[in-house]
Each structure stands twice: as C-alpha cells, then as structure tokens.
Amino acid sequence: MQKGKSLAKFLQETASADLSRMLLSIAEGTKALSHAVRNIGVLNLSGSTGETNVQGETVQKLDDFSNNIIMDLCRSSGVCAGFLSEENEGLATLSEAGTYIVSVDPLDGSGNIDIAAPVGTIFSIVERISPHGPVSAEDFLQPGEKVVAAGYAIYGSSTILVFSTGSGVHMFSLNSDDNQYYKTHTNVTIPSNGKIYSLNQGNLSKFEPVAQQFVAWCTAHDKATSRPYSLRYIGAMVADMHRTFLKGGVFLYPAAKGETKGKLRLLYECIPMAYLTEQAGGRAINGSRRILEIQPTELHERCAIIIGCRDLVARYLEFAAAGVDA
Ligand code: FBP
C-alpha cells in the first residue's frame, strides 16, 4: 500500500521549525489519546473522577487523563509559552521563552466516552503578545483572525488528525502498524451541496426563533432543492464537524431564546473550527457575525455557532436579517 507523506515531512515542507515542533508535540499527544480511547476499559479510564470542572461539568477520568497528556507534551515542545484548557480554570505558563499560546479542548464529546462513540481533541494556536516571562490573559484573548494554526483529532473508527497553518486544510490518518500519521486528504474543501443539518433537535424549542425557522426550512418538502435535508447528530462537535468537512451541510449550536451565547466555548471549540472551516471554503457565524472577528473577553466564554457550507450559513443569515416574530 502506497502511504501518503508523513506528518513530520509535510510540516518540514510547509511550516516553520518552531510551529512544526508545536504541532508534532500535539500530534504525539493525540496518538496517546487514540490508544487510551480504544483501551479505556483495561486502562480503567471509564467513568468520572467525581470532580466538577470550571464549566460546572462532571470531569470524566478520560478528560483528566487527556488534559495532562496534552499539557505535558505542549510543555515538552519547549516552544509553548502558555496553555489554556477546558479542564483548567486558569491559564498556565509552560515555557517563559516560548512563542505559542495553545487553547485546547483535550477531550471533546465527553458524553460519548462510555458509549464508545467518537470523541476528539480540538486546539488553536496563536503567538504570544506579551514579552517573554509568565503569560497573561491578554495572550489568550485574541480574536480568531490571529490564529496561526488550528486543528482537531477524531478518535472514531480510525484516528484522523486535521489541521491548517493558513494554507488549506489537510488530513492525516494514524497508521496503527507504525503509529505514524500519513497524509490522506490535502486542501479539503467543504462540499457546497451537502443536504445535511446537524443540531440537538431535542433542544429546538429552547433555541432562538431564527434557528427554529431555519430547521423548519431544512425539513420542508421541496423536491427542487432536495429538501427535506437529513438530520445527523453524533453529539461530539469534533465528529459532527469532521462529517461536515467531508460531506458538507451545516452544524449548529445556536443561542437559546433571549440569550446571545450558545453552549460551546469560543477559544477552544468555536474559533479553531471556524478557522478550519474558512480555510476549507465554508463560513462560521455566531448567528449574526463572523466568529473569527469576535474579540474574546473571558477565557471560558461561550458562543453560539452556525458553521459549515457557505450556502446554508448564508441561508441562516437571511432568516436572521429578515427577523422572526418570537
Ligand atoms: P465537551 O464534551 O468538550 O464538554 O463538549 C461539548 C459537547 O459535547 C460538544 O462536543 C457537542 O457538540 C455538544 O457538547 C453536545 O451538547 P448536547 O448534549 O447539549 O447536544
């Protein structure tokens, strides 16, 4: 079998030495998590730690394990100045001489862990703005337009690493024979004809009226536009977005009625996925504006998200612009 280019070789050819080191360190972390996810039973990693994280969520053992693995590997890269994780209340200085600031969701889709459904890791990287020394919140609270690289790894029927450093989106599969990543897709473009919408429809009555109108439009019968569209929802953003990159369609976690912020976190869920989506020719909004333009104000702030192929996001914006009676 002809294997694609290795991750190390690809990064050598496409990224700076420091950014390659940063991405290769995160990639090593995802290999360890890929192994752990497939062996949670024998590694006694199923179930919760009994603790509650800064989000008010019960911490799963695998959340904790994943957080420590990714943080340790970022530290060992020597180029990671600061680290923010969904599992950590505050930010951490990992190397005072480091260049990069990493914001990460170490284990996305925690609700899928114990049912052996896909989970993943999501990350975004910016350059520090403070002078060398301990990092500050300012280093992390940068808009998505400042991202220098972002990506995710999905631990599903296979393990795939997906990232961009600003010139397209590339996918690498983990080869279980030699535990190395090899390129399988390059310059991925979100198909514009995807007939899929993805959200937790059980929450529809709680979502903002525009979202309800958009879902009604997706599910209306209209042969000419191949509606109704199919509903697909895996319950892990990383998996629902991976499908969107390959099959098209739109993923939504809108704001609830009378609110502006959805459930998902701006710095380590919405911004990295928005960055990848724009690199793949798609669009990402919070219901009214481009996610990459939003100025973050808190480390763990939440954000509404409508993301995927350009046409469907534009359709959502049309409904928003037209205004909907409550
Ligand atoms: P975490 O598991 O990292 O907390 O992520 C949140 C998440 O699981 C997303 O991956 C997913 O899209 C969403 O929450 C599912 O939420 P809900 O259960 O409300 O549909």
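In listed order, ligands and their atoms are each counted from 1. Just so it is clear, the structure is predicted and the values come from calculations on it, not from any experiment.
Among protein residues, E57, E86, D105, L107, D108, G109, S110, N200, Y233, G235, A236, M237, F251, Y253, K263, L264, R265, E269 come within 4.0 Å of ligand 1, judged on heavy atoms.
Counting only residues at least two apart or in different chains, side chain to side chain donor-acceptor pair (under 3.5 Å) contacts with residues 97-112 comprise D63-S110.
Between F251 and Y233, the two ring planes are parallel [angle under 30°; tilted spans 30° to 60°].
Comment: K261 engages E301 in a salt bridge, judged by a side-chain N to carboxylate O separation of less than 4.0 angstrom.
For the residue pair N67/S85, the side-chain donor-acceptor check at 3.5 Å is satisfied. For the residue pair S198/R243, the side-chain donor-acceptor check at 3.5 Å is satisfied.
A cation-pi arrangement is present between K3 and Y182, with the terminal nitrogen or guanidinium carbon under 6.0 Å from the aromatic centre and inside a 45° cone about the axis.
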